[in-house]
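Report on the following structure.
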Amino acid sequence: MSDFFRPNLFYCIKAIEHLKRFQDLIRHHQSWAYDVGFARPIKDLIPEHTPEKHPQLMEKYISRMIPTIRDILGYARIGIDYIVTDKPQIMQKDAKPIEHNYNLVSDYFRLREKNAVLGYELVMQAIEKGIGFYEEKRKEALWDLFNPIVWIAWFIRLPITILDRAGIKGSHTIMGNIYGWLIRLVMLIILLLACAKLKISIPWEKIGNLLGKS
């Protein structure tokens, strides 16, 4: 993952939607009286919900969302690793404390069995941090839509993105290098024509950096 994580507007909107849905599922799953009232109705979260299948469907939908939520919080660098220390019993004088490593999202069910209150509070805090992060990034991404510098930077980087997706960037084969330079040349011509048409000063420094990448 890049040190500079700048998600686009659509990713931010989707991330917030996933986080809030996961949050509401957790609220219903644990049903804490002070918090469950903030959750959306269960029928809005699980379309095929029926009272007799409530526990099974709830855990199934939570499990489905765990990989996505873990990645969303990971990209935002929200800490979701937690250590629980078990103190030795009084009779075991020489015993050392035992540490258990948990991931608040991946190990949600394990941590809930270990300590329901602790597991609930920690995962909800992590989700709230994630929602706050992506709400701020959404504001930045909205401004980026109207920033011409961002569009120019995106256009200059487009050949690199194409090479990444094609699996060619970084290839040391002759054909890979030829194909990479061909794409760069085509994109450079398009960029120069667009700048000339729009009467925009040509960013020669960025173009030089682009051509210098292998």
Side-chain angles (χ1 to χ4, degrees), residues 1-86 99-147 150-151 154 161 165:
M1 182 183 66
S2 172
D3 291 334
F4 182 65
F5 178 54
R6 196 178 185 91
N8 60 45
L9 178 62
F10 303 103
Y11 183 88
C12 290
I13 293 173
K14 201 66 178 177
I16 294 171
E17 177 186 330
H18 283 313
L19 287 169
K20 289 186 174 181
R21 185 165 185 259
F22 188 73
Q23 185 180 52
D24 285 344
L25 285 171
I26 297 297
R27 283 169 170 161
H28 280 291
H29 186 235
Q30 299 212 27
S31 298
W32 291 99
Y34 66 88
D35 209 16
V36 70
F38 292 104
R40 284 169 287 177
I42 193 66
K43 63 180 181 180
D44 294 341
L45 302 170
I46 304 177
E48 66 268 33
H49 170 262
T50 55
E52 62 272 14
K53 294 182 179 179
H54 177 83
Q56 296 89 338
L57 285 174
M58 188 73 63
E59 295 188 0
K60 182 178 75 172
Y61 273 78
I62 290 174
S63 297
R64 285 181 179 180
M65 294 196 70
I66 281 176
T68 300
I69 299 300
R70 182 191 58 217
D71 289 345
I72 288 174
L73 294 177
Y75 293 147
R77 295 189 173 182
I78 304 297
I80 53 177
D81 292 319
Y82 191 77
I83 298 176
V84 176
T85 302
D86 287 342
E99 293 185 346
H100 301 276
N101 297 313
Y102 292 93
N103 182 288
L104 298 180
V105 179
S106 298
D107 299 322
Y108 164 73
F109 293 107
R110 287 179 55 214
L111 189 56
R112 178 174 178 266
E113 292 178 359
K114 183 75 175 178
N115 189 320
V117 177
L118 180 65
Y120 181 78
E121 293 293 343
L122 290 175
V123 74
M124 293 298 281
Q125 288 175 15
I127 293 172
E128 286 292 346
K129 291 177 183 178
I131 292 173
F133 174 86
Y134 284 103
E135 284 180 343
E136 287 300 315
K137 289 297 180 181
R138 181 178 59 184
K139 296 176 184 177
E140 296 177 9
L142 183 59
W143 282 109
D144 286 348
L145 290 178
F146 305 98
N147 189 342
V150 174
W151 284 98
W154 175 85
T161 303
R165 292 298 181 91

Exercise for review: Test R110 against E113 for salt bridge (Lys or Arg N to Asp or Glu O under 4.0 Å), laying out the working first.
Suggested key: CA-CA 5 Å; R110 287 179 55 214; E113 292 178 359; over 6 Å; no
Which atom of [X] lies closest to which atom of [Y], heavy atoms considered:
| X | Y | value |
| --- | --- | --- |
| I83 | N101 | CG1-OD1, 3.2 Å |
| Q30 | A116 | OE1-O, 3.5 Å |
| M65 | F22 | CB-CD1, 3.8 Å |
| R138 | C12 | N-SG, 3.7 Å |

Practice item. Kindly indicate, with the supporting measurements, whether the criterion side-chain contact (heavy atoms from CB on, under 4.5 Å) is fulfilled by R40 and H28. Key: CA-CA 9 Å; R40 284 169 287 177; H28 280 291; 5.7 Å; no
**Study point:** Whether Y120 and Y34 hold their rings parallel, tilted or perpendicular, with breakpoints at 30° and 60°
**Key:**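 Aromatic pair Y120/Y34 classed perpendicular.
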Exercise for review: Check whether any side-chain heavy atom of I42 lies under 4.5 Å from a side-chain heavy atom of M58, and answer yes or no.
Suggested key: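 They are in contact (side-chain heavy atoms under 4.5 Å apart), so the answer is yes.
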[X] side, atom [atom1]; [Y] side, atom [atom2] - distance, nearest 0.5 Å:
| X | Y | atom1 | atom2 | result |
| --- | --- | --- | --- | --- |
| Y61 | I46 | OH | CD1 | 6.5 Å |
| L45 | L25 | CG | CG | 5.0 Å |
| K114 | Y82 | NZ | OH | 11.5 Å |
| R70 | D107 | CZ | CG | 10.0 Å |
| L104 | I66 | CG | CD1 | 11.5 Å |
| M124 | I131 | CE | CD1 | 8.0 Å |

Between [X] and [Y], does any side-chain N to carboxylate O distance fall below 4.0 Å?
| X | Y | result |
| --- | --- | --- |
| D24 | R21 | no |
| D144 | R6 | yes |
| E17 | K14 | yes |

Point to revise | Backbone N/O of I72 and side chain of Y134: donor-acceptor pair under 3.5 Å | key: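 Here the side-chain-to-backbone pair exists.
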**Study point:** Residues which pass ring-ring contact (aromatic ring centres under 6.0 Å, His included) with Y108, listed by chain and number, not counting sequence neighbours
**Key:**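 So Y108 forms a ring-ring contact (aromatic ring centres under 6.0 Å, His included) with H29.
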